[in-house]
Amino acid sequence: MPVHNAEIADLFERLGNLLELEGANPFRVRAYRAAARTVRGYPESMADLVGSGADLHQLPNIGGDLAGKIQTVVETGRLPLLEEIESRVPGQLSDLMAVEGLGPKRVRTLYDELHIRSVEDLRRAATSGRIRALPGFGEKTEQKIIAGLDNLSVRKGRTPLPEAEETARSLVAWLEACKGVREVTVAGSFRRRKDTVGDLDMLVVAGKRSGVMDRLRSFDEVREVVSAGEKRATVLLRSGMQVDLRVVAGVSKGAALLYFTGSKPHNIAIRRLAVDRKWKLNEYGLFRGKRRIAGRTEKEVYGRLGMAWVPPELREDRGEVEAAKRRRLPKLVRLEHIRGDLHCHTSATDGRLSIEKMARAAAKMGYRYLSINDHTRHVTVAGGLDADKLLRQIEAIDRLNERVDGITILKSSEVDILEDGSLDLPDDVLRHLDFTVCAVHYGFGLSREKQTERILRAMDNPCFNILAHPTGRLIRERAPYAVDLPRLMEGARERGCVMEVNAHPARLDLNDEGCRMARDAGVRVVISTDAHSDSDLRYLRFGVDQARRGWMTAEDVLNTRGVRALKQALRRS
DNA sequence: GCCGTTTTCGGCCCGACTGTTTTCAGTCG
């Protein structure tokens, strides 16, 4: 079983934690964490890279030493340095650092003085009042540790973006109604439009003594105030989501927005640019000595640093800093560019509405076309269509096109890709469609090699046009199936096939990294909702978010084109 | 441990809040 990137990243994080506990050079600790971040987010598996003899040293934050360690982990499944350190200090100490308020120093003290080595040990010591007596600790710290242990189970992982939007909307409205508050913006990964959001980062522009901190405390959903000062506060909501609020004056708004939007690696990269000029960038502005030379808007700050304004979706330190310096940032696709949706279901299978109702809903949204993509026979749970039923649906669409004005209904299908790589309906049936959207719906457990071969074989069929939800992941429910995505991209490019960016909030598949990979490989995409009712058509914007995060322009997205150009672009040569 | 139009050494982003302290260390974002 090949080692997964996440496992390597976990080992590096663990090692970083333990080194920090031992009082190692903080920059060395940081290097392990940076490497963990790189490995975790890298779109290709380290195991494959090592297998193909790639030069890991080329990856950001990976030098000669860590390249060697990655290779060792891939080949042996072990990290000798970690084992060596764990022989001196128990490995579980790394877990204790996840408790709020506990960092390396305190965990070290707890271990040295009270031999606390696990979460269970910690709770026993805290509830029996033994922690308050330690030097540097006290009664309040002890109480905080107990609360932190409770929150360990309350705090959820990351929240899907649409759910975070609900919370954000009501919280913004609540804060905006506060006297003295001039502006409320949600920053952080929310503003960067990541598919899931960790904490909600709220930036408030307000005068002194606005009372916004009290306003935040009195928000109905607040479960606990973690900390609250004059300028920043942290609260935990009942949902388990954490909110960080920051108050700034108008003169600092741009700098604060920049700082609070992140990402952290992006911030570090641009602060470094400031340092290069002997300036200083913080959340209050860009400073030359004590003089503020920029800060009111983001554009001003970027401009002073010699960069174009960077769209938040790109702020991940994945080449955007360099591109902004050279004024080479892509002109990202926008929702207004989209002219139609190319994946929806009707009541013929598992959708809720008729073809006509879906088409009229799409027309009302200003779309020029909508394609109908009901399942095929193998997907029995959805009542998939057989050849006869699909042919009858095609005729029905022809008739509807004659009487429904303002929109073209495109004839398509979500064709199941069978385990041997064949398509679920015969070619002479599929040829009656305007194009096909093909997908894997079972056999997720195939080996990476077999899954990749299966899909590539399906692409060999000239009737294959678009690969729907290419990795099959369901956010927080199902991991992507094992597949060689770079090879699929290459295969799609060679054959003139297209990738779907499935905009359904549970999927977002391709994700941002997948979009970037498609763009770099020269593969076009379509952004579609997989709608099962009219309201689902509104999901399209979430797909646009991920495409933007993947650096995509309107040119890269085929359903920004008119119907004729779309059909032309989908045609396989 | 990484990184490099001030390259192979000497840097490495910067500030707020809390609690325990009596001037600041630890933690966090």
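Chain letters run A, B, ... following the sequence lines, proteins first and then strands; every chain starts at 1.
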Quiz item: Should the pair Arg519(A) and Trp551(A) be classed as cation-pi, given the thresholds of under 6.0 Å to the six-membered ring centre and 45° from the axis?
Solution: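 The answer is no, since Arg519(A) fails at least one limit relative to Trp551(A).
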Practice problem: Report yes or no: is the cationic atom of Arg193(A) (NZ for Lys, CZ for Arg) under 6.0 Å from the centre of the six-membered ring of Phe190(A), at an angle within 45° of the ring normal? | Solution: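 Checked: cation-pi criterion met.
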Any side-chain N or O of [X] below 4.0 angstrom from OP1/OP2 of [N]?
X: Arg272(A); N: dC13(B); answer: yes
X: Gln242(A); N: dG29(B); answer: yes
X: Tyr284(A); N: dC13(B); answer: no

Out of [options], which has the shortest distance to the side chain of [X]?
X: Lys105(A); options: dC17(B), dC2(B), dT27(B); value: dT27(B)
X: Arg271(A); options: dC14(B), dT18(B), dT20(B); value: dC14(B)
X: Asp244(A); options: dG1(B), dC13(B), dG29(B); value: dG29(B)
X: Pro104(A); options: dT20(B), dG15(B), dT27(B); value: dT27(B)
X: Lys231(A); options: dG26(B), dG15(B), dC17(B); value: dC17(B)

Exercise. Specify the residues of residues 16-31 of chain A, ordered by number, for which at least one heavy atom lies under 4.0 angstrom from an atom of DNA chain B.
Key: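 Only Asn25(A), Phe27(A), Arg28(A), Arg30(A), Ala31(A) qualify.
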Quiz item: Tell me, which of residues 247-267 of chain A have any heavy atom that sits under 4.0 Å from an atom in DNA chain B?
Solution: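 Nucleic-acid contacts, sorted: Tyr259(A), Lys264(A).
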Taking atom [atom1] of [X] as the centre, does the number of heavy atoms from other residues, nucleotides or ligands within less than 6.0 Å exceed 12?
X: Glu176(A); atom1: CD; value: yes
X: Arg291(A); atom1: CZ; value: no
X: Arg538(A); atom1: CZ; value: no
X: Arg88(A); atom1: CZ; value: yes
X: Glu230(A); atom1: CD; value: no

Self-check item: Closest-nucleotide 5' rank along DNA chain B - winner of Val275(A) and Ser227(A)
Solution: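 It is Val275(A) whose nearest nucleotide is closer to the 5' end.
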Practice problem: Could you say whether Ala98(A) or Glu230(A) is positioned toward the 5' end of DNA chain B, judged by the nucleotide with the nearest heavy atom to each? | Solution: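 Whichever sits nearer the 5' end wins; that is Glu230(A).
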Exercise. Indicate whether the side chain of Asp556(A) and that of Thr553(A) have a donor and an acceptor atom separated by less than 3.5 Å.
Key: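 On atom types as modelled, these side chains qualify, holding a pair under 3.5 Å.
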Exercise. Verify the distance criterion only: is there a donor paired with an acceptor across the side chains of Asn17(A) and Ser94(A) at less than 3.5 Å?
Key: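 A donor-acceptor contact under 3.5 Å links the two side chains.
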Could you state the [atom1]-[atom2] distance from [X] to [N], rounded to the nearest angstrom?
X: Leu273(A); N: dC13(B); atom1: CG; atom2: C1'; answer: 12 Å
X: Arg315(A); N: dG29(B); atom1: CZ; atom2: C1'; answer: 17 Å
X: Asp317(A); N: dC13(B); atom1: CG; atom2: P; answer: 12 Å
X: Lys144(A); N: dA25(B); atom1: NZ; atom2: C1'; answer: 15 Å
X: Asn282(A); N: dC14(B); atom1: CG; atom2: P; answer: 8 Å
X: Glu100(A); N: dC28(B); atom1: CD; atom2: P; answer: 8 Å
X: Glu283(A); N: dC28(B); atom1: CD; atom2: P; answer: 18 Å
X: Ile70(A); N: dG1(B); atom1: CD1; atom2: P; answer: 13 Å

Exercise. Both distances under 3.5 Å, Watson-Crick or G-U wobble: report the partner of dG10(B), or none.
Key: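 Paired with dC3(B).
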Please measure how far the [atom1] atom in [N] lies from the corresponding atom in [M], and state the result in whole Å.
N: dC13(B); M: dT22(B); atom1: C1'; result: 30 Å
N: dT23(B); M: dT18(B); atom1: C1'; result: 15 Å
N: dT5(B); M: dG1(B); atom1: C1'; result: 24 Å
N: dC2(B); M: dT7(B); atom1: C1'; result: 13 Å
N: dG26(B); M: dT20(B); atom1: C1'; result: 11 Å
N: dG10(B); M: dG15(B); atom1: C1'; result: 24 Å
N: dT21(B); M: dT27(B); atom1: P; result: 15 Å

Quiz item: Which part of the nucleic acid, if any, lies within reach of Ala228(A) when heavy atoms closer than 4.0 Å are counted: base, sugar-phosphate only, or nothing?
Solution: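 Sugar-phosphate, no base atom in range.
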Exercise. Report which part of the nucleic acid Glu142(A) touches: base, sugar-phosphate, or nothing (heavy-atom distance under 4.0 Å, all strands).
Key: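 No contact at all - Glu142(A) keeps every heavy atom at 4.0 Å or more from the nucleic acid.
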Quiz item: Should Asp121(A) and Arg124(A) be marked as a salt bridge (Lys or Arg N to Asp or Glu O under 4.0 Å) after you check the CA-CA gap, both sets of side-chain angles, and the distance that decides it?
Solution: CA-CA 5 Å; Asp121(A) 292 347; Arg124(A) 266 196 299 278; 2.9 Å; yes
Quiz prompt | Atom of Leu329(A), atom of Glu320(A) and distance for their closest heavy-atom approach | solution =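 Here Leu329(A) and Glu320(A) meet closest at CD2-O, 3.7 Å.
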Exercise. Applying side-chain contact (heavy atoms from CB on, under 4.5 Å), run through Lys144(A) and Glu100(A) and close with a yes or a no.
Key: CA-CA 8 Å; Lys144(A) 281 215 146 191; Glu100(A) 268 172 69; over 6 Å; no
Distances under 3.5 Å between nitrogen or oxygen atoms of protein and nucleotides 3-6 of chain B:
residue, atom, partner, partner atom, Å
dC3(B), OP1, Asn61(A), N, 2.6
dT6(B), O4, Lys278(A), NZ, 3.1

Exercise. Over 60° means perpendicular and under 30° means parallel, so classify the ring planes of Tyr302(A) and His266(A), tilted if in between.
Key: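 The rings of His266(A) and Tyr302(A) stand perpendicular, inter-plane angle above 60°.
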Quiz prompt | From Asp201(A) atom CG to Thr185(A) atom OG1, the distance as rounded to the nearest 0.5 Å | solution =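 Reported value, rounded in 0.5 Å steps: 12.0 Å.
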